[in-house]
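One structure is given here, and the rest of the page talks about it.
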Amino acid sequence: MEHYKLFINGELVDAQDGKTFESIDPGTEQPIATVAQAGQADAEAAIAAARTAFDSGVWSGLAPTERLAKMQDFADQIAQQGLRLAAMESMDAGQIVNLAKVMPLLGIGFMRNISLYGATKFPWEEEILASGNVFGPGREYIRREPIGVCVGIIPWNFPMLMAFWKIAPALIMGNTVVLKPASYTPLTALIIAEAAKAAGIPPGVVNVIAGPGGEVGTTLCTHPDVDKIAFTGSTEVGRAIMKMASDTVKKVTLELGGKSANIILDDADLDLAVEGATYGTFLHQGQVCESGTRVLVSSKIYDKFIDKFKQRAEALRVGYQMDPNSHIGPLVSAQQLATVEGYVKLGKEEGAEFITGGKRVEVEGIQGGYYYAPTIFANVDNKMRIAQEEIFGPVVCVIKFTDDEEAIAIANDSIYGLGGGVFSTNTARAERIARGVHTGTMWINNYHIFSDFCPFGGYKQSGVGRELGAAGLHEYTQIKRVHVNYQADTHTNFNFALLRDDKKIAGFQYNCPTSVVAGHGALSSIYKEVPNLHCRRALILTDPGVRKAGLVDLAKNALADFCVGVYDQVPADPDLESVDAATEAAHQLEADCIVSVGGGSVIDTAKGVCVTLKNGGKANDHLNLLVLTEPQTPHIAIPTTAGTGSEVTNIAVLTSTGAGRKLFIADTHIVPNIAILDPRFTMTLPKDLTVTTAMDAMTHAIEALMSIMSNQICDGQALHAIRLINDNLPLVVADGKHEGARLNMQIAATMAGWAFSIAQVGLAHGMAHTVGTLHHVPHGAACGIVLPKVMRFNVDYAVDKLALVAQALGADTADMNERDAALAAADAVEALMKKVGHPMRLRDVGVEEDDLPICAFHAIADTADLFNARPVSDPNEVLELYKQAY
Ligand SMILES: NC(=O)c1ccc[n+]([C@@H]2O[C@H](COP(=O)([O-])OP(=O)(O)OC[C@H]3O[C@@H](n4cnc5c(N)ncnc54)[C@H](O)[C@@H]3O)[C@@H](O)[C@H]2O)c1
């Protein structure tokens, strides 16, 4: 009799205490081999070997393709043992030889397939292009790394295939393995171990120990050096393993029991369905976890089905497993035979209709053997124990149903959810049922079909995790996220600043990629810019006021044939629904670029349209910060007001009625591609709008300077914008057609836009957004009114910048200390506002005094406040500022 040894640390060894056991042929009850019987000491030695091998990097440190080469050697060595493996599997596990002979083929094929996939297609590293955290810019990626020492505990029904399933994915992903086959069926796993040695797999990477589950299993499932357990077996043992693994919080995947429903619809091809039920239940004596042991049959074909199924079951030949004529071999053990007999007795007691089988079978010429006849119970109530409990033998319950819904309900009335089938000539109907059943695998007009690249595993108490395919490989890796700071500098870290008093952010990235075309007649460049953007179908987006001012025709004429339409329904302070309506218009016209002609309302709507057109869904889906990873629909912006700078900014401000406030899409990818600053577009702007929109630009510039994100580039832009506004606003107020001054105002707005795009704004914007949303105060007017109050509030936190603002506004600060000069800036802003007739108080623009407290509560939560020079955390302080502005 052959003697099989344990495989530990690259050596074939006997158990340390010298114990052995015999493995029995269940078809003859005769011993076929002696096997070294592992005890606790051997389990510990195997774990130690696997641990040492893993930690040394001899395997985990190889590149996946290097491991692939070794796995192919391993597969070659196993292939050399193909015939021996098939014969031993059949003899040891009672598998009919016609089944056992394909197992090496399937196993080796799986090993090669999954290794190649793991080495060449598995996403070992992934860049995360949009991190979803605007405050931690940097490179984000994930690495997938092996878990460590993986224990595989496998059952006695398919010992060879299960050994492949546990070893191959674990190894290609860089783990080391301790495999424990069932004590009834240890032989083929030990042959695979011999192949590992012959293939030169480094010592300790694969270890195989055979022995009783109780003692060895406890060591394997509780040892602190084991990182993961992959178990296939009964739900009862799975529960115990999960508990044991919990003390050391091991990763666990469990492939457990089932009571799967094989649903035969009234429109099924009856012969196919009977064949499917026969194969789905009686393959390998029903000792298959995902067997369709509950055959659910439509009442319309029930009687016919039972007749045929009975005939088919009775035609199956029970015989010695090595006899090629046998369809049904022995059960694995006397114990399993007793279990099956117990359930058949129970079924009769429960009142199920006994159809056929229900007895042991004696095979001619053989003494003993655990043979049992294929057994059918009909008219089974799903509540019966024979329908609820896994029998793991050749016993099937046939259950009648009346319609598809009832079939699904019966299928789902189980603690298990592993496999299942539907037989029907109507694939759509079968798929609808497949979707309704809570189970890990559904076969349509087939059964027991596995695929190396398709995941297998259970819903409910049928398991945790998946085996096979990419999902199976993921179970053998852990995910490591790596963040590499973009600017590794103390004072450039927004988050570290939370615990510092000095909130100023030192470093910055300036990225404002809009191409600006400016000057009288700049508009004519649009005819070139559209094709330059690889576009042909431009939609003009505008609002009724701008259209009325005659500006749309200007743009339309310049676009000539590139213009496919005009959408002129953008409201002031647009909400998300306005963006959706405009997007729909763009869809209808198959627009491939957007030309926005208007103020901030129109340009921001256009930005929302560009994102929604590109990504689908609704505008509300895209309200977010820095998550776009590629260019959006091309956008040419032609500003017509004196203020927002939106033609170059990376932000779209959109009112969300759901959230009750203004929200944002902020991303470098939404800056317009081209901004055309042609003064003819602002010369029609009425005086009041000129003044208020100019104060919006002024607020951008001054808040950018005061912001904790301020920087030299933006400071330069902001200061010059302030000078331009100070010098030119009075001129355009006096003469709206002053073309030079109009152009300078546009340039000021654009520069202020660039400045705040990177440096951000502050509390004045937080306050203006709130009164804008709640009380419809035009954005520019609200900004202007609160700006001087916020400047004074911030004075001690931005004294140097405010002193520069005073100079830019032409204040005489020569004899002043820096603080007084800074305060003079606020005075100068107010003086300019008075000079140009800007509203000075919130009461002048329709806000009631009683409205102020609620405004303060909203304003304190505005994103803009995060960047304010002086920390904003007390709503009472904001209320005080609102009162001053009132
Ligand atoms: N994205 C950004 O960078 C940014 C910055 C600041 C403000 N905003 C947003 O911009 C919006 C405000 O934009 P706005 O101040 O430019 O005003 P607006 O776009 O709402 O226009 C105001 C009014 O002016 C009219 N108008 C515009 N140009 C005209 C012209 N040349 N002749 C005659 N009438 C004209 C319009 O028809 C409209 O009725 C607000 O929703 C605000 O939140 C966006």
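Just follow the structure's listing: the first ligand is 1, and inside any ligand the first atom is 1. Positions are given from 1 along the sequence.
- Not less than 6.0 angstrom separates the ring centroid of F664 from the ring centroid of H622.
- Side-chain contact between V847 and L852 is present, with heavy atoms from C-beta onward closer than 4.5 Å.
- Within 4.0 Å of ligand 1, contacts by protein heavy atoms are made from D543, G545, V546, A549, L551, D573, G599, G600, S601, D604, K607, T640, T641, T644, S646, T649, I651, V653, K662, F681, T684, L685, P686, L689, T693, D696, H700, F756, H779.
- Under a 4.0 Å N-O distance rule, the pair D735/K687 does not qualify as a salt bridge.
- No option in N650, N511, T514 other than N650 meets the side-chain hydrogen bond (donor to acceptor under 3.5 Å, both in side chains) test with S757.
- Taking the centre of each ring, H765 and H700 come in below the 6.0 Å mark.
- In summary, R870 and E877 engage in a salt bridge, as defined by a charged side-chain N under 4.0 Å from a carboxylate O.
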